[in-house]
Amino acid sequence: MYLRVESGTHIKTPFVPVITQEGDPAAVQYGVPTFRPVTSSGSQGTLSIASSWLKHCVEKHDCHKSLFVPRGKKCPDSDLSEVVDERSTIFPTRLLDLQAFNGGSLDIRLVEKPASGSLYATLSHCWGVNCDARYQATKSTLPALRHRMGYAELPKTYRDAISVCRSLGIRYVWIDSLCIIQDSKEDWASEAAKMADVYSNSHLTISADWSTNSEGGCFRLIDRPQGIHPEHAIRISSVLSNGERSCLHFYRYCSTPPGLFNYTHLASRAWAYQERILSRRNLHFTQHQLFWECRKGFASEDMVPDCSEPSPLTPSYLLNIRATKSAEQHLQSWCYQIISHYSDAKITFPTDRLPAVSALAKHFADELCSPYLAGLWLEGLWYTLSWYRRERQSTERPKNYIAPSWSWAAINAGVFWLMVPSGDIVKRVEIIDAMVDLVGDPFGQVSHGWIRVTGLLVENVSPLTKFPKAVLDLILPDYPLEPPPEKVHCLLLGERTFPYIRNYYLLLVISSKDLNVYERYGMGTTEFGTFEHWQEKTITII
């Protein structure tokens, strides 16, 4: 329930969430939500609430519909709710059968042919550094996993997720460590390419948000003050029309989702990013309480209402993107919202930087209809090359090849963009050609890549440490703590003409691998016009 609060002719707070305590007559007479004390996220009462959330969503929402129009289908003129989900019968290659044995046994096994018409859930979790090798699918453990797994011996996070599934009547669960053959490059690549379907077709995703490893679990005792915090809400007592006394609490601000679980341990992990926003429904087991998230909104176990706006971390945010018609809007959402958040996330293996966002890229490809180039798109490449490293602290250069130097994926750091296309920015470079060598999945790892461009180039600019303002007034190196090169070459990408003049340059160095090509060094700008000595050239950047 929300109250509209006005002061004179100005609305101070558009919508204020209202709540009351259990037993208050306003809850019965007017349906005011009641605060529920939280004690354990694994209690029967908590799981009953989760079951009611799921039932309500299945019956009242259309969260099972496709996030994006399937490939080859014409985009309808109506909104997303009219797009029928044609992939609802698709199952992952392998699933864990939670009803594999009779006689009350809790043991499970790995299967490849689930019962027709069944539902499956997915687990989103952190493995940790010491994940039990017995419960990782490998070429050697696969026969044993197919035969039988003792429930009591499974890592705690897995046991808790299985308990949730059983309480909700879900027969199968997909857990990455047990459903992907970890020591098979071929199987790993094949299954990573299917990740979009695995999570978007899952009935429910169980998120172990607070746990740092597979033994942390989903459930925990909640140790926090119970009741409505006086600093969070305004308390107003009143007498109802029937003479009964009532007390309502008007929340001053929202401390409930997505705020609380946007900063959990799981939310900081790269793989979990796309798992969350591709899922139809999420149950978030946090250190505070249980939260529900679906494509229609949020709910919290303590029943405090949420009034926050969708963030780029949420499934509902993707729905907002889907509602737009412009390819350029999709492209800007990919860079300025999706990648700007994803690039900050932590990842154990830097070579997973592109695979861990490949499922989202697959969906965006349906909308953009543009070649995908190691995290960027040929559409709009002239301005999306203007990414820069947000943090000034440097990280080590990756030991293994991840992406071409012109891709944001080449550095293991959060990025954002200098140029946002508008009528005030003039394009000054032409993309002649581009190519990436794929390892397998067209949205996954690459082994090499280059772009060929024609534009205005100023060569041999130096020294970097003492640029006069008329030359470069802003330098953003990709590795800021490394000694600067003796000379850089400045390629003009675009020019802002209003309300002030600013030019945006891609800073390049001659490649140590091939003296005929360039590699990216960073980004730079000038405020008062361009360099005097430049020439138009066609160059290759790797």
Applying the ring-ring contact (aromatic ring centres under 6.0 Å, His included) criterion to Trp377, which one of Phe364, Tyr383, Trp334 satisfies it?
Trp334

Main-chain N/O of [Y] paired with [X] side-chain donor or acceptor, under 3.5 Å:
X      : Y      : answer
Thr141 : Thr138 : yes
Ser386 : Met419 : yes
Tyr120 : Val198 : yes
Ser51  : Leu47  : no
Gln182 : Ile180 : yes
Trp408 : Gly375 : yes
Glu275 : Leu123 : no
Ser279 : Arg281 : no

Classify the angle between the aromatic ring planes of [X] and [Y] as parallel (below 30°), tilted (30 to 60°) or perpendicular (above 60°).
X      : Y      : answer
Tyr158 : His125 : perpendicular
Trp292 : Trp53  : tilted
Trp188 : Trp271 : perpendicular
His61  : His56  : perpendicular

Is a side-chain donor-acceptor pair under 3.5 Å present for [Y] with [X]?
X      : Y      : result
Ser370 : Glu379 : no
Thr157 : Ser214 : no
Ser343 : Arg353 : no
Tyr135 : Glu153 : yes

How close do [X] and [Y] get, counting heavy atoms only, and between which atoms?
X      : Y      : result
Pro355 : Gln445 : CG-CG, 3.5 Å
Arg159 : Tyr151 : CD-O, 3.1 Å
Ala410 : Tyr479 : O-OH, 3.6 Å
Cys218 : Asp160 : N-OD2, 2.9 Å
Leu168 : Ala50  : CD2-C, 4.1 Å
Asn213 : Ser211 : O-OG, 2.6 Å

Is there a side-chain contact between [X] and [Y] in this structure, where contact means two heavy atoms from C-beta onward sitting under 4.5 Å apart?
X      : Y      : result
Thr93  : Lys194 : yes
Leu96  : Leu110 : yes
Leu106 : Arg166 : yes
Asp187 : Arg94  : yes
Arg269 : Thr348 : yes
Asp478 : Tyr521 : no
Ile402 : Asn412 : no
Asp97  : Arg171 : yes

If you measure from the Lys or Arg side-chain nitrogens to the Asp or Glu carboxylate oxygens, is any gap between Asp441 and Lys362 under 4.0 Å?
no

State plainly whether the residues Lys296 and Asp62 are in salt-bridge range, i.e. N to O under 4.0 Å.
yes

Of His265, Arg276, His284, Gln287, which is the lone residue that meets side-chain hydrogen bond (donor to acceptor under 3.5 Å, both in side chains) with Asp209?
His284

Can you list every salt bridge (charged side-chain N to carboxylate O under 4.0 Å, His left out) pair that touches residues 43-60, not counting sequence neighbours?
Lys55-Glu59

What is the distance from atom [atom1] of [X] to atom [atom2] of [Y], rounded to the nearest 0.5 Å?
X      : Y      : atom1 : atom2 : value
Tyr342 : Leu360 : OH    : CG    : 9.5 Å
Tyr273 : Leu278 : OH    : CG    : 10.0 Å
Arg280 : His203 : CZ    : NE2   : 8.0 Å
Ile108 : Leu178 : CD1   : CG    : 6.5 Å
Ile162 : Tyr172 : CD1   : OH    : 14.0 Å
Arg134 : Met149 : CZ    : CE    : 12.0 Å

Neighbour count above 12 (heavy atom, 6.0 Å) for Phe349 CZ:
no

Measure centre to centre between the rings of Tyr199 and Trp174, then say whether the value is under 6.0 Å.
yes

